[in-house]
Each structure stands twice: as C-alpha cells, then as structure tokens.
Amino acid sequence: MTSMPAERSWLLDPSRLKLVHQCRRLIHTEFGVKLHLTDDALTEKLADFAGRSRSSQLQRTWSQLKEAIPGYQSPPATEEPTRRVYRGQVVAEESNKESASSRSGEEAAAPKRQVIYRGQVVG
C-alpha cells in the first residue's frame with residue numbers, strides 16, 4: 001500500500017472527490033485535456049482551467065472545491081491575456097481582424113478574376 005502525502009489527503013473525502021471529478025469532466029469537454037488525480041500540480045491546473053473557462057458551471061464547481069480544500073491558497077492573479085483556441089489552433093485576436101479587413105479592401109481594389117465551376121462562369 002502506498003502512502004499519500006498529507007497535502008493530498010483531501011482527495012480521500014468522497015464529497016471533494018465528487019467535485020474534482022465534475023471539474024475534470026467539464027475541463028475535458030471544454031478544453032479536451034484529461035487531468036489525472038495523481039498529478040502533483042492538480043490544484044494549480046484545476047484553478048488555471050477554471051479561470052480560463054467560459055463555463056459558469058465549472059467556475060461554480062471550482063469555487064466550491066476551492067473552499068473545501070484545506071489550506072488552499074489561490075495563486076496571485078497575473079494579468080496576462082488568454083489565447084482562445086479552436087480545434088488546437090489559436091484564434092486570431094482583434095488586431096489581426098483589423099489587418100485582415102484591410103487586406104480584404106486591397107483585394108477588392110484588385111480586378112476580379114473569372115471563376116469557372118463545372119464549365120460555367122460563376123461570380
């Protein structure tokens with residue numbers, strides 16, 4: 001039988017374990033990341049994903065779990081912009097959208113080329 005460090009013994013409580021499993025399930029559905037109970041930085045990863053999440057249910061569950069973890073101190077908040085990811089690719093930010101709109105204006109100034117689809121002129 002392996003011994004569990006005192007800092008991880010809070011996982012043995014069934015009510016806390018239920019909250020951890022809810023958080024893990026919600027994180028997996030939103031971010032596609034599987035968190036393991038044996039991970040040394042489990043609480044930090046849960047806090048990180050709960051902070052980046054758009055799911056109010058995950059944020060509520062994490063706040064309940066945070067209160068239930070004895071001696072948990074939340075890390076100091078850092079104001080760093082979060083990157084939005086869609087299917088593993090980083091979504092373009094507002095500054096990139098502006099440059100894309102200026103590029104589309106340049107393309108509009110260029111003469112349109114003729115598009116042929118299945119032998120017919122389209123657009």
Side-chain angles (χ1 to χ4, degrees):
M1 184 94 181
T2 60
S3 65
M4 182 174 278
E7 65 216 26
R8 302 294 299 243
S9 62
W10 60 270
L11 277 173
L12 297 175
D13 182 23
S15 63
R16 292 180 193 144
L17 189 61
K18 180 181 175 185
L19 291 172
V20 171
H21 281 302
Q22 278 184 318
C23 287
R24 289 176 62 217
R25 181 181 49 81
L26 292 167
I27 288 170
H28 181 67
T29 56
E30 186 173 351
F31 297 102
V33 176
K34 288 188 177 182
L35 297 178
H36 300 279
L37 294 176
T38 57
D39 192 3
D40 292 334
L42 177 66
T43 55
E44 289 83 12
K45 287 183 179 180
L46 286 171
D48 179 47
F49 282 115
R52 292 190 299 167
S53 176
R54 292 183 171 189
S55 168
S56 60
Q57 184 179 5
L58 176 57
Q59 292 170 355
R60 277 193 315 261
T61 307
W62 169 245
S63 65
Q64 290 174 354
L65 179 61
K66 191 169 44 173
E67 294 168 1
I69 299 174
Y72 176 74
Q73 297 294 326
S74 60
T78 58
E79 293 299 323
E80 132 182 352
T82 58
R83 299 181 308 165
R84 293 179 50 199
V85 178
Y86 177 73
R87 293 188 177 186
Q89 299 293 323
V90 177
V91 177
E93 296 298 322
E94 294 300 321
S95 61
N96 293 346
K97 289 181 182 178
E98 292 172 3
S99 63
S101 65
S102 66
R103 275 189 250 128
S104 66
E106 293 169 2
E107 291 172 0
K112 284 194 153 196
R113 62 185 182 109
Q114 205 175 37
V115 178
I116 299 175
Y117 178 73
R118 292 189 176 183
Q120 300 293 321
V121 177
V122 180

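Residue indices begin at 1 and follow the sequence shown.
Applying the 4.5 Å side-chain rule to ILVMFWY residues, one finds Y117 in the same cluster as V122.
Taking the side-chain hydrogen bond (donor to acceptor under 3.5 Å, both in side chains) definition, one finds that S15 meets it with D13, sequence neighbours left out. Considering only residues two or more places apart in sequence or on other chains, D40 meets the salt bridge (charged side-chain N to carboxylate O under 4.0 Å, His left out) condition with none of them. With sequence neighbours left out, L17 forms a side chain to side chain contact (heavy atoms under 4.5 Å, CB included) with L11, H21, L37.
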Throw together a table of side-chain donor-acceptor distances under 3.5 angstrom for residues 25-35, partners on residues two or more places apart or in other chains.
{"unit_1": "T29", "atom_1": "OG1", "unit_2": "R25", "atom_2": "O", "d": "3.3"}
{"unit_1": "T29", "atom_1": "OG1", "unit_2": "L26", "atom_2": "O", "d": "2.9"}
{"unit_1": "E30", "atom_1": "OE1", "unit_2": "S53", "atom_2": "OG", "d": "2.6"}
{"unit_1": "E30", "atom_1": "OE2", "unit_2": "S53", "atom_2": "OG", "d": "3.4"}
{"unit_1": "E30", "atom_1": "OE2", "unit_2": "R54", "atom_2": "N", "d": "3.0"}

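Pairing each heavy atom of S55 with each of L58, the nearest pair is OG-N, 3.2 Å.
Sorted by first and then second residue, the side-chain hydrogen bond (donor to acceptor under 3.5 Å, both in side chains) pairs involving residues 57-71 (not counting sequence neighbours) form an empty list.
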